[in-house]
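Scroll down for the structure; my scribbles are underneath it.
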Amino acid sequence: MKISLSILNVNYACVYDSLKDILDEVDYIHLDVMDGEFVPNISFGPDFVKSIKKVSTKPFDTHLMIKHPQNYIEQFVKAGSDYITFHYEADCNSMDVINEIKSYNVKAGISIKPSTKLDEIKKYLPYLDMVLIMSVEPGFGGQGFMEESIEKVKELKRLKDENNYNYLINIDGGINDETAKKISEYVDLAVVGSYLSKAQNKKENLEKLKRI
């Protein structure tokens, strides 16, 4: 299980200073983009992503929690995204968005909310580079882990192994040293936010996750 560091809950005025102790030790940088329409919160846009790219060499895992992701793919590609993940529940044609992301030689991911059944995205699995399971309601950091997400990542792993699919299994929401133990054998990476970004000793908490 690799670690994708979410920077949603850091002080945007000094992102690098807030995270410099662990920026080089995580595996991915996770960027939560919210439009205030798909979720009841607003975060940042492509210019902010571009600025973070200047202080990290890690792959950028950009999560578009926006209603019309098809309108912003090119902007987030140019900002430096290595993966772009959009929501199945967004107002778009999912296959068209997957194809557009891949047309820029960027890896394509799809995400589902806790209430969305895995069956609804099964037809897209052969074409995806990442599947992101939300283990909280998207929109805000610091929420508690939803146990029902465990069955989803278990099933994703079974489907991946049986069909030789290539997608990474990712999970986002409420991940800490306790909840990580419940999903580590099924996921390829986990998005971790408050447990690292708000910790007094970020390195110590990261080491706990790495040991898991």
Let's go through Ser94 and Ile110 carefully: what are the C-alpha distance in whole Å and the side-chain angles of both, what is the deciding distance for side chain to side chain contact (heavy atoms under 4.5 Å, CB included) to 0.1 Å, and is it a yes or a no?
CA-CA 8 Å; Ser94 294; Ile110 203 165; 4.1 Å; yes
Donor-acceptor contacts, no H, no angles, side chain residues 118-130, under 3.5 Å, sequence neighbours left out:
from   : atom 1 : to     : atom 2 : distance (Å)
Asp119 : OD1    : Lys122 : NZ     : 3.0
Glu120 : OE1    : Tyr88  : OH     : 3.2
Asp129 : OD2    : Lys102 : NZ     : 3.0
Asp129 : OD2    : Ala108 : N      : 2.8

I'd like to know whether Glu178 forms a side chain to side chain contact (heavy atoms under 4.5 Å, CB included) with Phe145, so could you lay out the CA-CA distance, the side-chain angles of the two residues, the decisive distance to 0.1 Å, and finally the verdict.
CA-CA 10 Å; Glu178 291 302 320; Phe145 179 82; over 6 Å; no
Using atom types as modelled and distance alone, determine if a side-chain donor or acceptor of [X] lies under 3.5 Å from a backbone N or O of [Y].
X: Lys58; Y: Asp24; result: yes
X: Ser111; Y: Leu132; result: yes
X: Lys152; Y: Pro114; result: yes
X: Ser43; Y: Met34; result: yes
X: Asn176; Y: Tyr195; result: no

For Asn170 and Leu168, run side chain to side chain contact (heavy atoms under 4.5 Å, CB included): C-alpha distance rounded to whole Å, both residues' side-chain angles, the deciding distance at 0.1 Å, then the answer.
CA-CA 6 Å; Asn170 193 1; Leu168 296 177; 5.7 Å; no
Heavy-atom pair of closest approach, residues Glu25 and Leu206:
CB-CD2, 3.6 Å
What closest approach, in Å, do Thr116 and Ile112 show between heavy atoms, and which atom pair accounts for it?
O-CD1, 3.6 Å
State whether the number of non-hydrogen atoms from other residues, nucleotides or ligands found under 6.0 Å of [X] atom [atom1] is greater than 12.
X: Tyr167; atom1: OH; result: yes
X: Lys78; atom1: NZ; result: no
X: Lys202; atom1: NZ; result: yes

Tell me whether the guanidinium CZ or amine NZ of Lys53 lies under 6.0 angstrom from the six-membered ring centre of Phe60 and within 45° of its axis.
yes
Working to the nearest 0.5 angstrom, can you tell me the gap between Ile171 CD1 and Asp188 CG?
12.0 Å
Side chain to side chain contact (heavy atoms under 4.5 Å, CB included) evaluation trace for Phe38 with Glu89
CA-CA 9 Å; Phe38 182 74; Glu89 305 89 354; 4.0 Å; yes
Taking side chain as C-beta onward, heavy atoms only, is His87 less than 4.5 Å from Leu64?
no
Can you confirm whether the side chains of Asp61 and His63 place a donor and an acceptor under 3.5 Å from each other?
no
